[in-house]
**Q** 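Before anything else, here's the structure in question.
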Amino acid sequence: MDAAYGDLTVLRGISLEVYDGQVIAVLGANGAGKTTVLRTISNVEVKRTGRIEFMGRQLRGATESIARMGVAHVPDGRGTFSEFTVWENLKLGAFCSKRPGKDDFARVLQYFPWIEERREQEAGTLSGGEQQMLALARAFMARPKVMLLDEPSLGLAPIITADIFRIIKELNENEGTTILIVEQNANLALQLAHFAYVLEVGSIAMSGTSEQLQGNEQVRRSYLGY
Amino acid sequence: MATADATATTTTEPIVGRRRVPEAPNGTVIFLVGVVIALILGSLISKTFGQTTVIGLVQGTSFASLAVALVIIYRATGVFNFAQGEMATATTYVMYQINTAWHVTYWLAFALTMAFSFVFGAFCYVIFVRPVERRSIVAVIIITIALFLLIDGIVQWIFPPEPLYMTSPFSVNVAFGGLGVGVNWADVGTLLTTLGSVFLMFLLFNFTKLGLGMRAAAFRPGPARLVGVRVSRMLAIGWGIAAILGAVSGIMYEATQAYVLTPQLMSNVLLYSFVSATIGGLESPFGAVVGSLLFGIILSLAQQYVGFIGTELQVPFALAILLVIFLFKPHGLFGKAEVARV
């Protein structure tokens, strides 16, 4: 697929495969087009050409239709509904489910127990890490088939980032949620992912299993820093 | 490994955050309590004052729902809908047509008018506003002014310029006459109908899934799309609801204030609603209601006690108040001043 903002082509001839139940990471430096990969899938403000197939169907149409097909996108900036309460944020996550049951909330609270006592708090007043967790919880409320995560580590302290990555791993392992994660922090992402793509100026420079990439000299030097 | 962690986390916590000042600041509460006490005391001392206050209260109620309609659109699109008043006039004519010309019983006609208004409001959004919405705010403002002229033209084209007379659903018998202050059933009816419809909208917006979706679409369209909220549809529904509130305002204003239906029915009322919504703080429907009641009373008192204002200078007086608010309290009574944290 290709993608452009207006006349500016950002992605050229990208081909990604995401297998059911796996965690796939897209690595790359600033401006490599990582965020655009996710925006292209969700059709957010990009002109896209090419094919995106999702469970045997073509993924196209407006952003909201794609979301309704089971693609939960946590955008950069976390997409918090700041003026709304924490609980309303969760409800919005389940906006497309026919009837979000009590067990949906209970299932989410298992992973994010702190939400229970903060449910009436205005979401905009949460800390950055809490907002990131709320964004994950919100996305998970939709019982998505695939979650698209845009730099969950951005702007967070290492200890909080570690916590968030542990939860992402649990969501994948316990719930079987497929995850496509875009990350600048290659170390963390490769620990989590089964398979990864390295993006350089709008094209895929390399791909392989996490072990392969961790062992690759060039990746180690450019992205892992050792 | 440590180096990689360090590069990723040098920028800690939100770089730019927005914090909002809590609703109904203390000053506002004290101010409103003071105003209420002053009005009650004044009414006890002078019967004329009391009667003038009640007249103002009813007058304010008649444009409260239009003010709320303006606020709903303002929250969703960031502009005042200049056509809101003409839309209300048009739907009042529809009410006239169904009720007086076609002899449908009053409240059935009222319900049919509300249904028409909803479709009409949604239609206006989908056909005129949505296509230009993403261009710029100025484009939306121009479109709503164009819509104002268009609807005005259509009303004058279909209906005669002479005043029309509608039946009032409420009797003008005195409902309450204690303490020398007379209130008739028409006043009570206007109050209940308007506040009732505004309250229903409040319940819809705050306690239903549809309302949650509409608020999300208005405040955060981007993230709303990502969770599957059909933003355009929600905004169209919002315009429909605003048109319903406008229709309530038009019909009630005709019944208790204007007494005749002309194509200019709502032109002054639109301005009064602007002022009311501004007093309330633009973004708060509750503020718009309080602002309307307050402004209705101010207008009535000014007319009674400031000799030269009379009926002719009402509009300049309203503009003067608008100017004062913009200069000294731009966020109104219930507005949230946005504080940028950098």
Side-chain angles (χ1 to χ4, degrees), chain A residues 42-45 62-75 77-84 88-89 91-97 100 122 124-125 127-129 131 135 138-139 141-142 148 151 153-162 183-188 223-226, chain B residues 1-23 75-76 130 134 205-236 283-285 334-341:
Chain A
S42 289
N43 199 7
V44 180
E45 290 161 16
T63 307
E64 45 266 52
S65 311
I66 290 170
R68 281 162 181 263
M69 288 171 74
V71 178
H73 185 160
V74 178
R78 305 170 189 126
T80 307
F81 296 92
S82 320
E83 299 86 352
F84 296 66
E88 284 177 324
N89 269 264
K91 280 191 192 166
L92 279 165
F95 194 77
C96 301
S97 330
E122 200 173 303
T125 63
S127 76
Q131 286 193 31
R138 187 186 69 219
M141 278 298 291
L148 311 180
E151 299 231 28
S153 76
L154 191 72
L156 300 179
I159 185 162
I160 295 165
T161 309
E183 226 346 298
Q184 205 173 13
N185 188 330
N187 257 312
L188 279 168
Y223 297 101
L224 299 175
Y226 56 84
Chain B
M1 183 159 179
T3 16
D5 269 353
T7 47
T9 53
T10 37
T11 51
T12 46
E13 288 313 290
I15 298 152
V16 176
R18 286 194 314 172
R19 199 170 18 184
R20 288 173 159 242
V21 174
E23 216 165 336
R75 292 208 301 189
R130 191 168 66 179
R134 298 191 104 176
F205 271 100
N206 288 291
F207 296 101
T208 67
K209 190 177 163 184
L210 179 66
L212 183 65
M214 287 199 287
R215 281 186 293 140
F219 283 121
R220 303 271 151 175
R225 285 195 182 90
L226 289 179
V227 296
V229 174
R230 296 190 197 282
V231 170
S232 290
R233 190 180 296 178
M234 291 297 154
L235 295 183
E283 290 209 16
S284 157
F334 295 89
K336 297 171 178 177
E338 274 189 15
V339 182
R341 192 173 50 170

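Letters go in sequence order (proteins before strands), and every chain restarts at 1.
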**Q** Select one option (side chain, backbone, both, neither) describing which atoms of B:Arg233 are under 4.5 Å from chain A's heavy atoms.
**A** neither
**Q** Do A:Phe81 and A:Arg138 have side chains that approach each other closer than 4.5 Å (heavy atoms only, starting at C-beta)?
**A** yes
**Q** Using heavy-atom distances under 4.5 Å, tell me whether A:Phe95 contacts chain B through its side chain, its backbone, both, or neither.
**A** both
**Q** Please look at A:Thr63 and chain B and tell me whether the side chain, the backbone, both or neither of the residue comes under 4.5 angstrom of a heavy atom of that chain.
**A** both
**Q** Could you check whether any side-chain heavy atom of A:Glu151 comes within less than 4.5 Å of a side-chain heavy atom of A:Asn185, counting everything from C-beta outward?
**A** no
**Q** Quick check: do A:Ser42 and B:Arg225 have side-chain heavy atoms less than 4.5 Å from each other?
**A** no
**Q** Can you tell which of A:Ala135, A:Ala62, A:Cys96 has the highest number of heavy-atom pairs within less than 4.5 Å of chain B?
**A** A:Cys96
**Q** Charged N to carboxylate O under 4.0 angstrom, A:Glu83 versus B:Arg215?
**A** no
